[in-house]
Protein chains: 2
Amino acid sequence: MSQQRQGSTPGEADGVPAFPDLPEATIARLPEYLRALHHLAETGAETVSSEGLAAAAGVNSAKLRKDLSHLGSYGTRGVGYDVALLIDQIEYILGLDKNRAVCLVGVGNLGHALAGYAGFASRGFRVVALFDADPKKVGERINGLAVQHIDDLDRVAAEEGIAIGVIATPPGSAQAVADVLVAAGVTSILNFAPGVLSVPPNVDVRKVDLAIELQILSFHEHRKASLTALPGGRSAEGGNQEAVGS
Amino acid sequence: MSQQRQGSTPGEADGVPAFPDLPEATIARLPEYLRALHHLAETGAETVSSEGLAAAAGVNSAKLRKDLSHLGSYGTRGVGYDVALLIDQIEYILGLDKNRAVCLVGVGNLGHALAGYAGFASRGFRVVALFDADPKKVGERINGLAVQHIDDLDRVAAEEGIAIGVIATPPGSAQAVADVLVAAGVTSILNFAPGVLSVPPNVDVRKVDLAIELQILSFHEHRKASLTALPGGRSAEGGNQEAVGS
DNA sequence: CGCGATTTGTGCACGCCTTCACAAGCGCCT
DNA sequence: AGGCGCTTGTGAAGGCGTGCACAAATCGCG
Ligand SMILES: NC(=O)c1ccc[n+]([C@@H]2O[C@H](COP(=O)([O-])OP(=O)(O)OC[C@H]3O[C@@H](n4cnc5c(N)ncnc54)[C@H](O)[C@@H]3O)[C@@H](O)[C@H]2O)c1
Ligand SMILES: NC(=O)c1ccc[n+]([C@@H]2O[C@H](COP(=O)([O-])OP(=O)(O)OC[C@H]3O[C@@H](n4cnc5c(N)ncnc54)[C@H](O)[C@@H]3O)[C@@H](O)[C@H]2O)c1
């Protein structure tokens with residue numbers, strides 16, 4: 001009710017707590033901090049300094065402090081951050097305490113691997129439904145979950161309260177599947193099919209394209225090769241030489 | 001004008017052509033332009049305007065023009081860009097004309113899917129070797145390629161000239177595998193295991209973490225939910241397609 | 001009780017990236 | 001041949017993110 005922009009503590013038992021608008025870059029790093037924190041917690045650490053956590057997450061310590069400062073003051077000067085408390089905070093901000101329901105569309109080569117992936121459940125998500133358009137796939141059970149026909153998506157999504165959908169179909173079907181998901185009320189999509197999806201502005205799309213990742217790496221290979229080729233004149237590329245630098 | 005070494009065509013028979021240092025953000029988008037261009041080429045388009053290509057790639061047209069301008073002037077004012085020429089240009093810059101050899105380590109749930117993925121070959125990469133530490137997996141054939149023991153990685157990488165490695169092992173093994181790859185002369189790594197890899201500065205690492213992607217989506221779900229819970233006001237303005245590549 | 005060691009939180013400056021707006025260039029039509 | 005419409009390429013401005021450097025805050029200890 002009294003949600004002023006000055007609300008401060010998010011753990012507030014006030015129904016709808018103040019929601020800080022974090023920079024997008026910060027949001028993208030929070031999951032990495034969270035993973036590092038869980039790892040620390042398992043090793044028994046109770047507190048951690050910004051320096052230590054930054055190292056575990058692979059970032060600059062100043063950046064980490066600034067990121068964490070955006071979600072409130074949860075550190076103690078001279079001591080560090082309380083690991084358990086920080087985990088709760090980040091999980092709250094990311095909305096992971098909701099144990100969100102996720103559905104997966106396209107149980108092919110990749111979808112099969114995703115459906116059996118334990119890393120989802122351990123990080124705050126429940127895969128509650130699998131869909132495919134191929135009648136031969138429907139009924140197949142993966143990890144105790146039966147593949148359903150995509151025509152049932154609308155109904156199942158409503159029943160299970162699914163807000164996040166994962167697309168693992170061929171590129172040609174991705175837009176159609178996205179349309180089905182959106183029509184079913186899904187407002188977040190993770191897309192593995194190469195290509196651009198068109199969705200309403202209230203729907204968030206993130207894409208994962210392995211070929212793009214490899215092509216970026218390839219660029220740097222190309223760049224590195226052209227650099228090493230400059231001084232010597234060796235036409236590299238193909239023969240592999242040992243690591244230079246430290 | 002301000003640049004001194006510029007204007008060199010890629011097909012230059014000069015051995016080592018000038019290599020423009022593109023902004024990292026531009027590099028990350030080139031693969032998306034390339035995919036869109038291939039799609040256009042298949043539909044028979046000979047030229048495309050910055051507006052049209054930008055729409056196909058899901059970006060702003062000014063951004064696209066600036067990106068392309070970094071690799072030279074390959075457009076024609078009043079007409080647009082020559083599709084075939086631009087494809088060649090981008091593929092050259094990304095080093096895709098080399099048809100790079102890639103190896104995959106960890107033929108488990110995910111690795112199996114990756115090994116059978118046709119999207120690598122069609123986008124400029126050859127998966128030439130599969131490795132695993134499990135004796136039961138060694139010898140298994142996937143897509144005509146036999147799984148080899150990771151102890152052979154060093155030898156095979158040298159034979160095949162492998163510069164790019166993909167890690168699909170459990171997180172606990174990822175660092176050890178990275179060390180093996182680096183020792184074998186691999187200078188680019190795509191890592192699917194959650195966690196931070198430590199590698200020499202001349203080695204590039206890109207990571208793909210599905211849980212992170214979902215958690216970012218979860219944050220936006222949380223944000224959207226808290227907005228609709230507030231008294232009226234602004235409905236989410238939301239970004240369209242955002243792709244934050246690492 | 002006060003002091004020094006330690007670590008957080010942040011003001012600030014810098015550089016990168018995005019976006020706008022428009023002059024320059026090109027082809028086509030008259 | 002000349003003008004007109006279209007599109008590229010780019011200067012400039014603004015915004016965002018990063019990293020430095022330091023004051024403020026806290027704890028432990030004498
Ligand atoms: N396999 C990989 O390692 C890999 C890696 C990166 C990206 N991808 C991408 O992921 C997607 C899936 O790849 P894959 O190898 O699993 O392909 P696949 O052909 O093995 O599986 C696709 C599945 O989607 C189903 N499908 C097709 N149209 C559908 C529709 N309209 N509705 C519901 N289901 C439908 C098919 O029945 C099939 O089961 C592709 O876009 C591919 O480019 C795959
Ligand atoms: N399965 C998925 O959909 C999925 C999704 C996202 C991320 N991941 C990540 O990808 C990785 C692999 O996942 P998975 O489900 O395929 O696991 P998995 O257990 O099915 O497969 C792992 C494979 O790696 C092999 N391996 C283990 N140690 C090795 C070593 N030192 N050298 C070589 N090979 C070794 C194992 O023998 C096994 O075959 C994990 O880190 C996981 O977190 C998986």
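Quick note on labels: first sequence line is chain A, next is B, and so on, each numbered from 1.
Listed pair A:Asn60 / D:dG17 fails the phosphate criterion, with no side-chain N or O lying under 4.0 Å from OP1 or OP2. Proximity of B:Tyr81 to the phosphate of C:dC26: no side-chain N or O atom is located under 4.0 Å from OP1 or OP2. The phosphate of C:dT18 (OP1 or OP2) has a side-chain N or O of B:Arg29 nearer than 4.0 angstrom. B:Ser50 has a side-chain polar atom (N or O) that falls below the 4.0 Å cut-off from OP1 or OP2 of D:dT8. Applying the 4.0 Å criterion to OP1 and OP2 of C:dC26, one finds that B:Thr76 has every side-chain N and O outside that range.
The 5' end of DNA chain D is approached more closely, in terms of each residue's nearest nucleotide, by A:Pro23 than by the other of A:Arg77 and A:Pro23. Where A:Ala25 and B:Val48 each meet DNA chain D at their nearest nucleotide, the meeting point lying more 5' is that of B:Val48.
Taking NZ of A:Lys207 as the reference point, atom CG of A:Asn191 lies at 8.5 Å (rounded to 0.5 Å).
With hydrogens and angles left out, the side-chain atoms of B:Asp82 and B:Tyr74 include no donor and acceptor closer than 3.5 Å. In this structure, a donor-acceptor pair under 3.5 Å is present between the side chains of B:Glu221 and A:Thr187.
At a threshold of 4.0 angstrom between heavy atoms, the contacts of A:Ser73 are confined to the sugar-phosphate backbone, with no base atom among them.
The distance from atom OH of B:Tyr74 to atom C1' of D:dT7 is 19 Å, rounded to the nearest whole Å. Atom CG of B:Leu64 and atom P of D:dT10 are 14 Å apart (whole Å). Here the C1' atom of nucleotide C:dC17 and the CD atom of B:Glu24 are 13 Å apart, to the nearest Å. Nucleotide C:dT18 holds its P atom 13 Å from the CG atom of B:Leu22, rounded to whole Å. For A:Glu51 and D:dC20, the CD to C1' distance is 13 Å, given to the nearest whole Å. Summarising the geometry, the separation between NZ on B:Lys63 and P on D:dG9 is reported as 18 Å, rounded to the nearest angstrom. Atom pair B:Asp82:CG and C:dC26:P shows a separation of 15 Å (rounding to whole Å applied). Protein atom NE2 of B:His70 is 12 Å distant from nucleotide atom C1' of C:dT18, rounded to whole Å.
A donor-acceptor contact under 3.5 Å links the side chain of B:Lys66 to the base of C:dT19.
The pair B:Lys224-A:Asp204 counts as a salt bridge, with a side-chain nitrogen and a carboxylate oxygen less than 4.0 angstrom apart.
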- Message: Between B:Leu210 and A:Leu114, is the side-chain contact (heavy atoms from CB on, under 4.5 Å) condition met? List the steps.
- Response: CA-CA 9 Å; B:Leu210 309 191; A:Leu114 294 176; 3.2 Å; yes
